[in-house]
Structures are given as C-alpha cells and as structure tokens.
2 protein chains.
Amino acid sequence: MSDTRSRLLTAAADALRDDGVAGISARVIAARAGVNQALVFYHFGTVSELVAAATRDAVDARLELYRNDFAQVESLPELLHLGRALHEREREVGNVRMMAQLMAGAQQDAALATAGRYAMQAWSDEVEAVLRRVLAPSPIAVIADPAGLARAVSASFIGIQLYDGVDAAGAGAGLDALEQLGVLVEVVDELGPIARRALLAKVRKQRRRAKSDSAV
Amino acid sequence: MSDTRSRLLTAAADALRDDGVAGISARVIAARAGVNQALVFYHFGTVSELVAAATRDAVDARLELYRNDFAQVESLPELLHLGRALHEREREVGNVRMMAQLMAGAQQDAALATAGRYAMQAWSDEVEAVLRRVLAPSPIAVIADPAGLARAVSASFIGIQLYDGVDAAGAGAGLDALEQLGVLVEVVDELGPIARRALLAKVRKQRRRAKSDSAV
DNA sequence: GTCTATAAGATGATAGAC
DNA sequence: GTCTATCATCTTATAGAC
C-alpha cells in the first residue's frame, strides 16, 4: 500500500478520535498526515469514505491485538476483569473514543453507518465467542443469549466511554457497579438443584409473558 | 420568555437530533426556527451555548413527563419493562438520539460537556431513586450500588441508541438479552438462607480482591 | 501520484439600519 | 429585538500543471 494512503488512514482515525465527527475535515486529516488536501479525494473519493476505511482498519488492528487475551478467558470473572482492563487501556489509546465518534456520525452518514455496523459486528462477534465458551457450563446458558448479550455489552462500552469523556468519576462508578453485579452471576453458577429448578421455572414463565406481550 | 428564544431552543434540539453534531450550525437552527441567523448569537452568544441550553430544557421536559411512570415502579421486572417501553417511545420522539449526539459533541466542546454532564446526572438521579426503592428489600442491595448502577444503565442506553441507528436488529437483540438477564436478579431475590449466606461470603471475597488489586 | 489553484458554497460572528 | 449586509475563514471537490 502506498505510503500516502496509509498515512491518511491513520491520520483520519487519529483526527476522529481527537477532534470528533464535528471537527473532522479533509484539511484537518491531510495536515495530520503531512500531505496535500486534494489527495483525500484522489485516494478515497470523499471524506466519509476515508473515515470509514480508517475506522475499519483500526478496528481490525485492535481486535487482532486483543485476540489472544480473549482466547485465554476461561470464566466470567476473568471476562469482567478483561473488560475492565480493556476499558483502561482503550481510554489511553482512544480506540473506543474513535468508535463512539464513528457511531455518532453514522446516524446521518451512509458510509459511516456501514463502517459502524462493521465495527460493532466485529467486536460483538469476538465477545460473543467468549461468552458462549464461558457460559456453556453454567445454568445461565439457559437464559442468556450470547449473541444478544455480546451486542448489549459492546454498545454499553460505547455509551460508558462517552460518559467517561464528560464525567470520569460517574463512568467509573458505573463500571464498578457492573463488576460487582458479576458476583451475582457467579452465585447462580453455584446454585443447588432446587434453586436451579426454580430458576428454570421462572425463565419459562417470563418467556410466556414476553410472547403474549408481543402478541398484543 | 420571548417567542424567538423558545423557537430557537426547540429548533436546536430538533436539529441536533435529526442532523447530528456534525450537521448543526447557526443557519440550520435558525432556518428551522424560521428566524434570522444573527439572532442565535444575539440571544445565546455562540451555537454551542444555544445547543447546551436547548438540551438542558429538553432533558428537563422529558424527565418531567416520565416522573409519574418512574414513581409507580415497585419491582425490578416492572423497572425493566419501563426501560423497554421508554426505549421504544424515545426511539420515536428521539430524545435519547439527541442526547447521544450531545454526548458525542461534548467530548470536544466545553459548553456541550457541561450540558452532557447535567443530562446524565438528571437521568441517573431519577433511575437511582427507583433502583434504591426497588432493590431495598432484596439481598442484591448488599452488592448493588444504586448510584453506580443507575449511571451504568443511563450510559448504556446512549450506547444502545447509537447502535440502534446503524443496526436495529442487533440493538433489539441486545435489549432482549438484558431483559432476560433480569430473571437472574429475580431468582436471587427469592434465595433461601443458605444460598443467601453463600452470596454474602462471595461478595466479601470479591471486595477484598478488588481492594488488593487497586493497592498494586 | 502529488502538487497548486480555484471554484462554489457554508460557517461563526459582527456592524449597523430599522 | 430583529433584520440586512458583510467579514474572514472554512468546507468539499475539481481541473490542470508537473
């Protein structure tokens, strides 16, 4: 890949992270890359397409970096611990911050929307694989949908990152609370047979209720 | 309050919701309000200040509208149900969509940051009050920090709303998963005394671990 | 592939008429 | 308070020299 092309890609990702969707432009990116502004359009057609390609690459690179860590997770507490560590590291590197800006821009821009969908999919799939493995031996597997849960977790990360940008203390308290709640899942994991049966009965009841709700 | 002022305020909130932070400008807002562009600066000084004031008002109005619903919640399943209904209604009205754009812009703009902090605080406080009431009789009260949990929930809502904008099916699956997970909490609520003691022991263990982690 | 130059328009913000 | 007119500056995007 040409030097200029890759310089523009990393510059675009950096600019999105630091200046936000509202502050991004061909000139800002080009200045960061140390190249001429016209090259944005020569190589990528539009600013949106450049940003979309840049975030795509950045997400791929980041996930590659974490793949090993994800693979080594064997239990839910370990997963929660990894989530916390990931948040801390990402706060410095700014990848989630970049994704949050991508998602915000994606609401009104078709090219960014495609990139945003890709990014969420990539992260969610990774988390889903871990959840599927970790929850398999647990009775929680009966009620938890790994795919949905992974998507909820990924989306929540974006929200918490945005919150972190305006109130770090508040966002920290939120993460702490979620981590503490993980204990709850552990406890259910070690439930006796009677309680386990009660759990299953409740799940079935809730399922029926949800079904009749959607029918109305 | 003058007619023009209030027209600008609602127009600013609408523009933020529909056009996003990246698409907002004094001219766009003024056109929506049907007034001259110069009045933005006469009444509010800067565009950011106008947007900040507009979101502040919108959040106050929305919370006022939901106050009754919040007050009537008596159990966790009811709270989860309200959360789902709120998400559906807000998807149409677009208040959370507006807040998501506010939070994205708040990362780089001081005036928007203040407004974002206020908005998150207002929603979190409301949710916190309900959580405190609902969780009080439950053994979960021991592990759950209502303030932190409320903040996590509010932030997650923002993230899921952004996700909803690029992949409605994925966001829906995420919400479904969270709702199903609520069953877990219900089960713990009806735990026997032995299991309850096991829960408390685990919590204490986790607390110690967290403390030693932060010491390192 | 990279540059300069430039078009055609949008932006925040202000001065001054009314 | 509201308007017109205007500023300097920014934007995307293209044409054409090198």
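Just so we're on the same page: letters track the sequence lines, and every chain starts at 1.
Contact record, B/Phe70 with B/Glu126: CD1-CG, 3.4 Å, taken as the closest heavy-atom pair. Here the shortest heavy-atom pairing between A/Gln101 and A/Gly20 reads OE1-CA, 3.3 Å.
The shortest distance between side-chain heavy atoms of A/Leu178 and A/Ile160 falls below 4.5 Å. Here the side chains of A/Met99 and A/Trp123 are in contact, with some heavy-atom distance below 4.5 Å.
Taking a 6.0 Å sphere around CZ of B/Arg56, one finds it holds 12 or fewer heavy atoms contributed by other residues, nucleotides or ligands.
To the nearest angstrom, C1' of D/dG1 lies 13 Å from CZ of B/Phe44. Between B/Asn36 atom CG and D/dA5 atom C1' the separation is 10 Å, expressed in whole Å. Between B/Ile29 atom CD1 and C/dG12 atom C1' the separation is 12 Å, expressed in whole Å. Note: CZ (A/Arg5) to P (C/dG1) measures 9 Å, nearest angstrom. We find that CG of A/Leu8 is positioned 12 Å from C1' of C/dT2, with the value rounded to whole Å. The distance between atom CZ of B/Arg7 and atom C1' of D/dT2, rounded to the nearest whole Å, is 13 Å. In this structure, B/Ile24 places its CD1 atom 17 Å from P of C/dA10, rounding to the nearest Å.
For C/dT11, one of the phosphate oxygens OP1 or OP2 lies less than 4.0 angstrom from a side-chain nitrogen or oxygen of B/Ser25. Applying the 4.0 Å criterion to OP1 and OP2 of C/dT2, one finds that A/Thr4 has a side-chain N or O inside that range.
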Margin query: Each nucleotide in nucleotides 13-18 of chain D should get exactly one letter: B, S or -. Can you fill that in based on protein heavy atoms under 4.0 Å?
Written below: BB----
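The closest side-chain donor-acceptor pair between A/Tyr118 and B/Asp167, if any, does not fall under 3.5 angstrom.
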